[in-house]
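Reviewing the structure listed below.
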Amino acid sequence: MYRGLITIFFLHYVFVPITIQASESGIPAVRVMQRIDTSNPTVRVILAAWVDSLATWRSIQTGTTEWNIDKTSSAFAQKKLVLDWFGQSGDIIKTYPPTIMSIEPNEDVWFVRTLFATVDTHSGHVIPLGILRTVFSIDDNKKPQVDNPYNSWIKNWSVVRIGPISFYHPHEKVLSRERMDGAVRYMESVSRMFDVEPPTSITMVVARNRDEMCNLLGIEFYAFPPTGIAYPEFSLIISGLNDPYYPHEITHVVLRELEKDAHPIIREGVATWLGGSINDNLAQLVVMYLEGTPQQDIPSFVGLFTNPDISQDDQYVLGAVVCEAIAQRHGVNAIKRLLAAKSTSEVMLLASRYLDLDPSDKQESLIPFLNEVVSTSSAKPGH
């Protein structure tokens with residue numbers, strides 16, 4: 001798939017012995033800006049480690065990185081951030097290389113800033129996706145080591161623990177006790193509903209806005225910041241809503257074992273069915289969806305599960321509508337069976353049986369189920 005090698009040279013006429021593969025298009029795997037002072041031996045070591053890691057993580061070269069710069073087993077692992085936030089598709093990876101903009105000292109650590117972008121295939125314009133700030137320290141063996149950005153931020157925040165949830169927030173921000181209590185009650189209600197043990201500990205980080213939330217992750221800029229994000233495997237939720245009540249993300253943490261291998265339409269559908277999205281419950285979301293989506297653009301049942309480019313609105317709202325319709329007809333156990341289904345074909349077969357649909361009919365419409373949600377109101381744990 002890839003051919004040829006490129007060698008990177010820098011200013012100051014310093015040669016850094018890094019060779020990385022280029023794609024068939026001739027685009028380098030990693031680009032390095034002239035601002036970086038490669039006459040500094042520490043900069044050269046950090047640069048070599050970071051270039052090697054980026055190229056390997058994004059599958060530009062085969063094998064595994066020799067540097068092992070990121071030993072953290074956490075939501076903030078740099079590999080996870082690079083892949084989840086900046087490697088969403090092959091087009092993004094192939095059209096614009098990660099660009100290391102600066103490597104600068106900051107007290108006793110080093111900040112490395114990397115720009116990720118893509119290129120619009122029609123206009124040729126560069127579309128910035130974000131800037132990742134990676135913090136490096138040098139260990140006793142003179143090897144570069146990545147530090148967790150979250151730790152330096154959160155150590156100066158206040159924490160309130162209610163039940164199993166620890167709410168972290170900036171000192172000057174006072175959280176609503178009513179909203180915190182509501183988050184605990186919601187967690188308990190979802191646990192009862194699905195007959196699972198409630199989590200013994202959840203960390204809820206309440207940032208004041210989406211930019212502050214991104215900064216906790218080490219992301220200085222992101223083009224499409226979410227309002228919140230959950231890391232169920234670490235029982236961690238980071239909210240960019242300035243609000244400790246975030247039922248959608250709490251659902252992911254409570255049901256983490258059930259949804260571990262679930263189809264994304266069902267996984268996000270359940271969280272939206274029970275917890276809504278931002279401050280809107282399912283009925284409100286459906287009304288807005290119907291008002292903003294022409295009927296001809298609403299995916300069919302087959303399209304919902306098979307279209308690789310399904311929009312987030314379709315995924316969340318239609319997934320939730322499918323879950324609501326199935327729960328109304330067959331109860332929560334049917335939803336649990338859907339969560340346990342691992343393949344797309346298995347999920348579609350189960351869902352079509354529950355809804356009396358023909359899984360081979362590509363025109364089978366979901367509009368009747370959308371209208372059903374609007375016309376009927378059922379109790380939800382979150383609203």
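Worth knowing before you read on, the calculation uses all heavy atoms, side chains too, and leaves out hydrogens, waters and symmetry mates.
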- Side chain proximity check, Pro232 to Glu259, heavy atoms < 4.5 angstrom: yes
- Task: Go through the structure and list residues passing salt bridge (charged side-chain N to carboxylate O under 4.0 Å, His left out) with Glu188, not counting sequence neighbours.
- Result: none
- Task: Search all heavy atoms of Cys323 against all heavy atoms of Gly269 and return the closest pair with its distance.
- Result: SG-C, 3.9 Å
- Item | Beyond-backbone contact of Pro225 with Cys214, side-chain heavy atoms, under 4.5 angstrom | yes
- Thr114/Trp50 under side-chain contact (heavy atoms from CB on, under 4.5 Å): CA gap, chis, key distance, verdict: CA-CA 10 Å; Thr114 307; Trp50 190 230; 2.8 Å; yes
- Does the side chain of Pro299 come within less than 4.5 Å of Ile310's, by heavy atoms? yes
- Note on the structure: The side-chain contact (heavy atoms from CB on, under 4.5 Å) partners of Glu172 (sequence neighbours excluded) come to Pro170, Arg208
- Task: For Asp313, enumerate each residue passing the salt bridge (charged side-chain N to carboxylate O under 4.0 Å, His left out) test, keeping only those at least two apart in sequence or located in another chain.
- Result: none
- Worked verdict on Asp37 versus Asn40 for side-chain contact (heavy atoms from CB on, under 4.5 Å): CA-CA 6 Å; Asp37 178 14; Asn40 185 306; 4.2 Å; yes
- Could you please spell out the steps behind the side-chain contact (heavy atoms from CB on, under 4.5 Å) verdict for Ile131 and Tyr222? CA-CA 7 Å; Ile131 298 172; Tyr222 193 62; over 6 Å; no
- Exercise: do Ser158 and His169 side chains pair donor with acceptor under 3.5 Å: no
- Please report the closest heavy-atom contact between Val45 and Pro144, naming both atoms and the distance. CG1-CD, 3.5 Å
- By ring pair (Phe, Tyr, Trp, His ring centres under 6.0 Å), which residues pair with Phe167, not counting sequence neighbours? none
- Message: Under 6.0 Å between ring centres: does that hold for Tyr316 and His248?
- Response: yes
- His263: ring pair (Phe, Tyr, Trp, His ring centres under 6.0 Å) partners, not counting sequence neighbours: Phe305
- Message: Salt bridge check, Arg329 against Glu372: does any charged N sit closer than 4.0 Å to a carboxylate O?
- Response: yes
- Does Ile138 offer a backbone N or O that forms a donor-acceptor pair with the side chain of Gln145 under 3.5 Å? no
- For Pro199 against Val253, the heavy-atom pair lying closest together: CG-CG1, 4.2 Å
- Message: What verdict does the side-chain contact (heavy atoms from CB on, under 4.5 Å) test give for Tyr246 and Val206, after you've listed the backbone C-alpha separation in whole Å, the side-chain angles of each residue and the deciding distance to 0.1 Å?
- Response: CA-CA 10 Å; Tyr246 209 135; Val206 185; over 6 Å; no
- Identify, with sequence neighbours excluded, every residue that meets side-chain hydrogen bond (donor to acceptor under 3.5 Å, both in side chains) alongside Arg113. Glu220
- Output the rest of the hydrophobic cluster of Phe111: all Ile, Leu, Val, Met, Phe, Trp and Tyr residues reachable through side-chain heavy-atom contacts under 4.5 Å, sorted by chain and number. Val109, Val135
- Spacing of Leu217 atom CG and Ile238 atom CD1 [to the nearest 0.5 Å]: 4.5 Å
- Message: Applying ring pair (Phe, Tyr, Trp, His ring centres under 6.0 Å), can you list everything that pairs with Tyr150, at least two apart in sequence or on another chain?
- Response: Phe76
- Message: Test your reading of the model: is there a side-chain donor-acceptor pair from His330 to the backbone of Ala334, 3.5 Å cut-off?
- Response: no
- Message: Is the shortest side-chain heavy-atom distance between Ser53 and Lys79 below 4.5 Å?
- Response: no
- Message: Test: side chain to side chain donor-acceptor pair (under 3.5 Å). Region: residues 285-298. Which pairs qualify, not counting sequence neighbours?
- Response: Tyr289-Asp314
- Query: Is the side chain of Thr99 donor-acceptor paired with the backbone N or O of Pro97 at a distance under 3.5 Å, no angle test?
  - Reply: yes
- Item | Residues in side-chain hydrogen bond (donor to acceptor under 3.5 Å, both in side chains) contact with Thr203, at least two apart in sequence or another chain | none
- Query: What's the shortest heavy-atom distance between Ala207 and Trp157, and which atoms?
  - Reply: CA-CH2, 4.1 Å
- Task: Would you check if Leu129 and Tyr96 make a side-chain contact, meaning some heavy-atom pair closer than 4.5 Å?
- Result: no
- Task: In sequence, state the C-alpha distance, the side-chain angles, and the governing distance for Ser300 and Gln363, and then conclude on side-chain hydrogen bond (donor to acceptor under 3.5 Å, both in side chains).
- Result: CA-CA 6 Å; Ser300 66; Gln363 305 304 316; over 6 Å; no
- Only one of Ile335, Ile250, Val270 clears side chain to side chain contact (heavy atoms under 4.5 Å, CB included) with Leu255; which? Val270
- Task: Using the rule that two of Ile, Leu, Val, Met, Phe, Trp, Tyr join whenever any of their side-chain heavy atoms come within less than 4.5 Å, decide whether Val174 and Tyr245 are in one cluster.
- Result: no
- Can you measure from CD1 (Ile298) to CG (Leu304) and round to the nearest 0.5 angstrom? 11.5 Å
- Item | Nearest-0.5 Å distance that lies between atom CE in Met180 and atom CG in Asp243 | 10.5 Å
- Got a donor-acceptor contact below 3.5 angstrom from the Ser102 side chain to the Glu104 backbone? no
- Task: Verify, without hydrogens or angle tests, whether Thr118 (side chain) and Ile127 (backbone) share a donor-acceptor contact under 3.5 angstrom.
- Result: no
- Would you name the heavy atoms of Ala183 and Pro244 that are closest together and state the gap between them? CB-O, 3.7 Å
- Between CG on residue Leu216 and CH2 on residue Trp153, distance to nearest 0.5 Å: 6.0 Å
Run the side-chain donor-acceptor check on residues 347-355: report pairs under 3.5 Å with partners two or more places apart or on a different chain.
from: Ser352; atom 1: OG; to: Met348; atom 2: O; distance (Å): 2.9
from: Ser352; atom 1: OG; to: Leu349; atom 2: O; distance (Å): 2.9
from: Tyr354; atom 1: OH; to: Arg337; atom 2: NE; distance (Å): 2.7
from: Tyr354; atom 1: OH; to: Arg337; atom 2: NH2; distance (Å): 3.4

- Item | Asp195, CG atom: more than 12 neighbouring heavy atoms under 6.0 Å | no
- Task: Only counting residues at least two apart or in another chain, list the ones meeting salt bridge (charged side-chain N to carboxylate O under 4.0 Å, His left out) with Glu346.
- Result: none
- Atom CH2 of Trp110 and atom CG of Leu47: how far apart are they, to the nearest 0.5 Å? 11.5 Å
- Item | Donor-acceptor side-chain pairing of Ser166 and Arg161 below 3.5 angstrom | yes
- Message: Side chains of Val32 and Thr38, heavy atoms from C-beta outward: is any pair under 4.5 Å?
- Response: no
- Message: Give me the atom names and distance for the closest heavy-atom approach of Arg185 to Glu178.
- Response: NH2-O, 4.4 Å
- Ring-face cation of Arg133 near Phe221 (centre distance under 6.0 Å, axis angle within 45°): no
- Interatomic distance, CG@Leu132 vs CG@Leu54, rounded to 0.5 Å, equals 8.5 Å
- Query: Is a side-chain N or O of Lys342 found less than 3.5 angstrom from the main chain of Ala262, in a donor-acceptor match?
  - Reply: no
- Does the side chain of Lys80 reach to within under 4.5 Å of the side chain of Tyr231, using non-hydrogen atoms? yes
- Query: Would you call Lys143 and Asp139 a salt bridge, taking side-chain N to carboxylate O under 4.0 Å as the test?
  - Reply: no
